[in-house]
Engineer: 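Structure in C-alpha cells, see below.
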Amino acid sequence: MFSNIQGFMADDFGKATVQIDRLKRVYFSDPANRLSLKKGDEIVSQGKYNDSLFLVLSGHVLGKCCIESTEKQDPSDRCFEMFRGGVGTFVGVHSFFSEPYLSFFTVEALDDVEVAFLKRDSAPIEKEKYGSLQEQFIPMISNELVLRNFHLLEKSIDNESALNRLHRSELNASLGQLAAGLAHELNNAIGVISRKTDFIAEALDRIIESKITEAHDLFHLGENYNAMISSETIRERTRLFEKKKNLSHMAAKVLARLVETEEDLKKLDKKVLDDFENLSRYWELGHDVRDIRLAAKHAADIVKSVRTLGGSNFTRSEGLSIHETLSRAISLLKPNLHDIKLEVDLESAEKMPLIYGDMTELVQIWVNIIKNSCDAMEAAETKDPKVTIRCSHTKTHVFVHITDNGPGISDGNADKIFQMDFTTKKNGLSFGLGLGLAIVQRIVDSYGGEIILASRPQNTTFNIKLPVENHYGND
Amino acid sequence: METINIICVDDQSDVLDAVTRDLRSLEQFYRVEGAESAEDCLSLMNEMDERGESVGLVISDHVMPGGNGVELLQKISSNPIFKETRKILLTGQANHADTIRAVNEAHIDNYFEKPWDPEDLLATTKSLLTSFVLDKGFEYKDFLPILDQVVLLSYLKKD
Amino acid sequence: MTKEKWIKVFIALIVAIGLYFLPYDSFGVAINPVEKRVISIFALAALLWILEPFPIWTTSMLVIVTMLLTVSNHGLLFMQSDAAGTPYANLISYKAIMATFADPIIMLFLGGFFLAAAATKYRLDMNLAKVLLKPFGNNPKYILLGLMIITAIFSMFMSNTATAAMMLAILAPVLALFDSSDKGRAAFALAIPVAANVGGMGTPIGTPPNAIALKALADSGLNVSFGKWMAFGVPYVIILILISWFVLIKLFPIEKKTMELKVGDRFLKTPKAIIVYITFGLTVVLWVLGEGVHGMDSNTVAMIPMAVFALAQIITKDDLKGMSWDVLWLVAGGFALGLGLQATGLAKDLIGAISFDSLPVVALMIGSGFLCLLMANFMSHTATASLLIPIIAAVGTSLGTTLAPLGGLTALIVSVAFASSLGMSLPISTPPNALAHATGFVDTKGMAKVGIVIGVVGMLLTYVMMYLLATFHVL
C-alpha cells in the first residue's frame with residue numbers, strides 16, 4: 001500500500017510530541033483508573049453519554065459510525081469504519097471535551113484491551129504553567145484529528161483502487177465475452193470456407209484428372225507448393241525462362257516457382273513443358289486452393305488466440321511433447337519471420353520430458369513470445385535479428401528459454417508487458433491489441449508455471465518454467 | 001514499344017499473388033512484377049531503370065516489415081527518376097492520419113482498402129497508366145487497346 | 001518486339017544500300033553517284049515509313065540529316081567529289097536542305113497550330129460546337145450530320161487527331177447510353193474520324209498532305225492561295241460530308257429516337273478571350289481575301305496570330321512546348337525528299353528516260369490517285385504524300401500541256417493530296433481512326449466498309465470536280 005504523504009512519515013504522527021507524552025504520564029499513570037476489556041466490548045457507544053477520556057495501553061480498538069438505512073429493502077444499519085487504533089490511541093476525545101458529551105462513534109475492542117481513563121471532573125495539574133484541562137489537551141486533540149483524517153484518506157485510496165480493479169476485471173470479462181462471441185461466429189464462417197474449399201479442390205481434382213491428364217500433376221504441385229523462394233530469384237528465373245523456353249511472362253513466372261534448377265526442368269514431363277503456356281494455369285489453380293486453405297487456417301489461428309482470452313475449453317493431458325509444440329509454433333510463424341533468423345536447439349528440445357498440458361495453449365505461448373520479439377526487433381530495426389530457442393529441464397520442471405538480440409525491455413516496461421492492455425506497438429494488427437503477452441501470462445499461471453524475464457539491450461530472454469506434472473488439477 | 005512495368009509490393013505472398021493476378025489482363029502491354037518488401041521494390045526499380053525500362057505504377061501494401069508502404073511511396077516520389085511513376089496504396093487498416101500523410105507527402109494517386117474490388121483496381125490502374133504513357137511522351141498507339149478512353153481523349157484534345 | 005524492330009531497320013538498310021550498288025545504266029539513264037544516293041535515301045525513307053520501326057517523324061529527321069551528310073555541298077568530304085577529285089556539280093545547297101524546316105508552308109502550319117491552341121485554351125472550340133449543334137435538334141440522324149459538319153469545320157483549322165479526340169470525348173458518354181444492339185453507335189463513332197479526315201482537305205492548313213501539295217505546286221511556280229484552295233476545298237468537303245452522312249445512316253441505321261449532347265458552356269468574355277476571337281476571325285478573313293486584296297500571302301498572314309498570341313501571353317512557353325513539332329519535322333522531311341529529287345536533277349533524268357507521252361493522261365491521273373489512296377490506307381497520310389507528290393509533280397511537269405484539259409498540274413497534285421487524305425478504311429490508317437476504333441463502338445469490318453466506300457466515292461468526286469473546274473477554266 002502507500003506509506004508516504006508528501007513531507008511526512010505516517011509514523012511521525014504516532015510519535016507524538018513531548019507534550020502528549022507528558023499528558024499520558026501525568027494524567028494516565030494512576031493504576032486505579034484502569035479498565036480491562038474483552039474482545040467486542042464497547043469503550044464508548046455511539047450517541048451515548050461519556051465523561052471519560054481513554055488511553056489504550058494494550059490491544060487494538062476499532063472506531064465505527066453507523067448510519068440508519070434509508071432503503072426499504074435492507075433496513076439493517078450500515079456501519080463504516082472510521083479509525084483503527086492501538087497502544088497510545090485516545091478514545092472518547094470528542095465526547096470528553098464537547099457538549100452535549102455524547103459519543104460520535106462506537107469504539108470497540110478488537111482483542112483484549114487495557115485502557116487508562118481520565119474523568120472530566122479531574123483537576124488540571126500544574127494549571128499555572130500549562131493552563132486549563134482543555135488547554136493542556138489541545139496538542140493531543142489536534143494530533144488525534146490528523147491521525148483519524150489520515151486513516152480516512154488511506155481508506156478512500158483503498159476504495160478507489162478497489163473500484164479500478166473491479167472496473168478492469170469487468171472490462172476484461174466483457175472483452176472475453178466479446179471475443180468468445182466473435183470467435184464463434186468467425187469459426188463458423190471459416191469452417192464453411194475450409195470445407196467448401198476442400199469440396200471444390202476435390203471436384204477440380206477429379207475433373208482435371210479425367211479431362212486434362214497432363215495437368216493433373218501440375219495441379220497437385222500447386223496445391224502442395226511450399227517452397228520459400230525470394231521474389232528476386234523468381235524474377236530472375238522468370239526472365240530466363242521467358243527467353244529460353246519462349247514463354248509468356250505469366251507462364252514463365254509459374255515455371256520459375258515450380259523448378260529450382262535446370263535439373264528440375266529436365267525432370268518435368270516433356271509433354272507438360274511443351275504445352276506449358278496453357279498448362280501453367282492449372283498449377284495456379286492448385287496454388288489458389290492452397291492459398292485459400294492457408295488463409296482460412298491463419299484466420300482460424302487468430303480466432304483461437306483471441307478465444308484464449310475468454311477462458312475456453314482446452315483439454316490438457318499427459319504426454320505432451322514440448323518439441324512438437326515448438327515446431328508447430330515455428331511453422332505457424334514462418335510466413336511472418338522474413339529476415340529474422342530463428343535458431344532452435346533441437347537436441348535439447350528432443351530430450352525434454354513429456355509434460356501434462358494442451359498443445360494449443362503451449363503453441364500460443366511460444367507464438368506470442370516469439371512474435372513479440374520479432375515485432376520489437378522489426379520496430380527497432382535491429383541488425384541481423386535473431387531469435388534463439390533453448391530448452392532445459394529438472395525432474396519436476398521444464399524450462400524453455402527464448403532469447404532475442406533486440407532492443408530489450410526497459411525496467412519501466414518490464415512489469416507492464418504482461419498487462420492486458422499494454423502495448424508499445426502502434427501499428428500491430430492481430431497481436432497489437434495488447435493481448436499477446438497477457439495471454440502468455442494467463443496460460444503460464446494456469447499451469448502453475450512462471451515467466452522470468454531477463455532483459456538488457458541485445459539480449460532479452462523469456463524463461464518459461466512449466467511443471468512436468470499436473471499441479472493444479474484440471475484447470 | 002516501351003517496356004512499362006507495374007510493381008506490386010506486399011509482404012504476404014498470397015496477397016501479392018492475388019494483386020498481380022488481378023492485373024494479369026494487362027500483361028499483353030505491361031509487365032506485372034511482384035516485390036516482397038519495400039527494399040526489394042526499390043532495388044527492382046533501379047534494375048528496371050538500368051535496363052532502360054520504365055516503372056509506370058507501384059501498388060504498395062501499407063503495413064510491411066522493414067519499411068512501411070507510405071515511406072516507400074514517399075521515397076519513390078522524391079526520386080526524380082521516378083517522378084512520373086504512379087502510386088497506389090493498398091491498405092488493410094485505413095488510419096486517418098497515415099492516409100493524410102500518404103496523400104500529402106507521398107503524393108499517392110489513389111488508395112484502396114483491403115479487400116479491394118478487382119475491377120475497380122484494374123480500371124484505376126488503366127487510367128493511371130494512360131496518363132503515365134502520355135505524360136512520358138511514349139507512343140500511345142502502341143498501348144491503344146488498353147488505354148483509358150476518357151483520359152486519352154482529354155490529353156489528345158490539347159494536341 | 002525489339003527484334004522485330006531491328007529486322008525492319010535491317011531490311012530498309014539492305015534495300016537502300018543494295019539500290020546504291022545496282023547498275024542504273026541498265027535503265028538506260030545516265031545518273032551520277034549523287035542521284036544514286038538520293039534514290040537510296042528515298043527508298044530508305046519509303047521503307048521506314050511503311051514498316052514504321054520508329055515514329056515517322058524520326059524518319060524525316062533521318063532523311064534531312066542523311067541528305068546533309070551525303071548530297072549537300074557541306075557534307076562529308078569524300079561524298080563531295082568523285083575519285084578524280086572533281087566536285088559533283090549537282091550537290092544541293094546545305095542551306096536549302098535546312099531551310100525545309102523553315103519553309104513558308106511550315107510557318108503556315110505553325111500559324112495554324114497557334115490558332116488551334118488558342119481556340120482550345122479559351123474553349124472557343126467547345127462553345128462554337130454548342131452553337132453550331134443547336135439547329136440540329138434532338139433527332140440523332142440530324143445530330144449526326146451536325147457533328148460531322150462541326151468536326152469537318154474544326155478539322156479545317158485544327159489537327160485531325162485533336163479534333164477527333166475532342167469530338168469523341170463529347171460523344172463517348174452519350175454513346176454509352178445507346179442500346180448495345182443499336183448500330184447507330186457505330187455510325188456516330190465512325191462519323192468523327194471520317195469527318196475529321198474529310199474536313200482536313202478543306203483548307204491548306206487542314207492536314208499535312210496539303211502542305212506537301214502546296215510546296216510542290218509552289219516549286220512548279222503555281223501558287224495556290226489559301227482562298228483559292230478553300231474555293232474548291234470547302235464545297236468538296238460539304239458534298240463529301242453529305243455523302244458520308246448518307247452512307248453512314250444507310251449502313252448503320254440509328255434506332256434511338258432522341259438524344260441530347262451536352263457541349264460547352266458560356267463564351268468567355270475576358271480580354272484575352274476576346275483577343276482570341278478577333279484574331280481568329282481576322283486571320284481567316286485575311287486568308288480568304290488573299291494576296292490580291294491586301295498583298296500578304298497566306299504564309300505571311302499565318303505569322304500574325306503567332307505574334308499577337310505570344311505578345312498577349314495567350315500562348316505561353318508551355319503551350320509552345322506542347323505543340324506538335326513532330327508534325328512539322330515530318331512535313332519538312334517530305335519537303336527535303338522533294339528537294340532531293342528536284343535539285344539533283346534526278347527527277348528530270350528519270351522522267352526523261354520514260355516516255356509518258358504514250359500513256360493516256362486520264363489513266364495516269366486516276367492510277368496515281370488510286371495508288372495513293374491504297375498506300376494511305378496502310379501508312380501515314382503525310383508520308384504517302386511525301387513519297388508520291390514529288391514524283392507525280394515531276395511526271396506532271398514533263399507532260400506539260402497535255403494535262404491541261406484535266407486541270408493541269410494543279411489538278412494532278414491536288415487529286416493525289418486528296419487521295420492521301422481519303423485513306424481511312426483501317427484503324428491503323430489514321431490516328432482518328434485508331435481513336436474511334438479504341439472506343440469499342442465500331443469494329444474493323446464496319447470501318448473498312450465505310451472507309452472503302454468513302455475513299456472510292458471521294459476519289460471519283462475529286463476527278464469530277466477537277467474536270468468541271470478545268471472545263472470552266474477556274475484552275
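Per chain, numbering begins at 1; letters A, B, ... match sequence-line order.
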Engineer: Looking at B/Thr20, B/Val15, B/Val32, which makes the most heavy-atom pairs under 4.5 Å with chain A?
Structural biologist: B/Val32
Engineer: For A/Trp283 and A/His287, take the angle between the two ring planes, folded into 0 to 90°, and tell me which bin it lands in: parallel under 30, tilted 30 to 60, perpendicular over 60.
Structural biologist: parallel
Engineer: Counting heavy-atom pairs closer than 4.5 Å to chain A, which one of B/Ala18, B/Gly34, B/Ser43 comes out on top?
Structural biologist: B/Gly34
Engineer: Name the option with the most non-hydrogen atom pairs under 4.5 Å to chain B; the candidates are A/Asp288, A/Thr238, A/Ile234.
Structural biologist: A/Asp288
Engineer: Quick one about A/Asp275 and A/Asn278 (side-chain donor to acceptor, distance below 3.5 Å, no hydrogens or angles considered), yes or no?
Structural biologist: yes
Engineer: For the residue pair A/Ser248 and A/Glu277, confirm or rule out a side-chain donor-acceptor distance under 3.5 Å.
Structural biologist: yes
Engineer: If I measure from the heavy atoms of chain B, does A/Arg281 come under 4.5 Å with its side chain, its backbone, both, or neither?
Structural biologist: neither
Engineer: For B/Ser131 and B/Arg86, test the side chains for any donor-to-acceptor distance below 3.5 angstrom and give the result as yes or no.
Structural biologist: yes
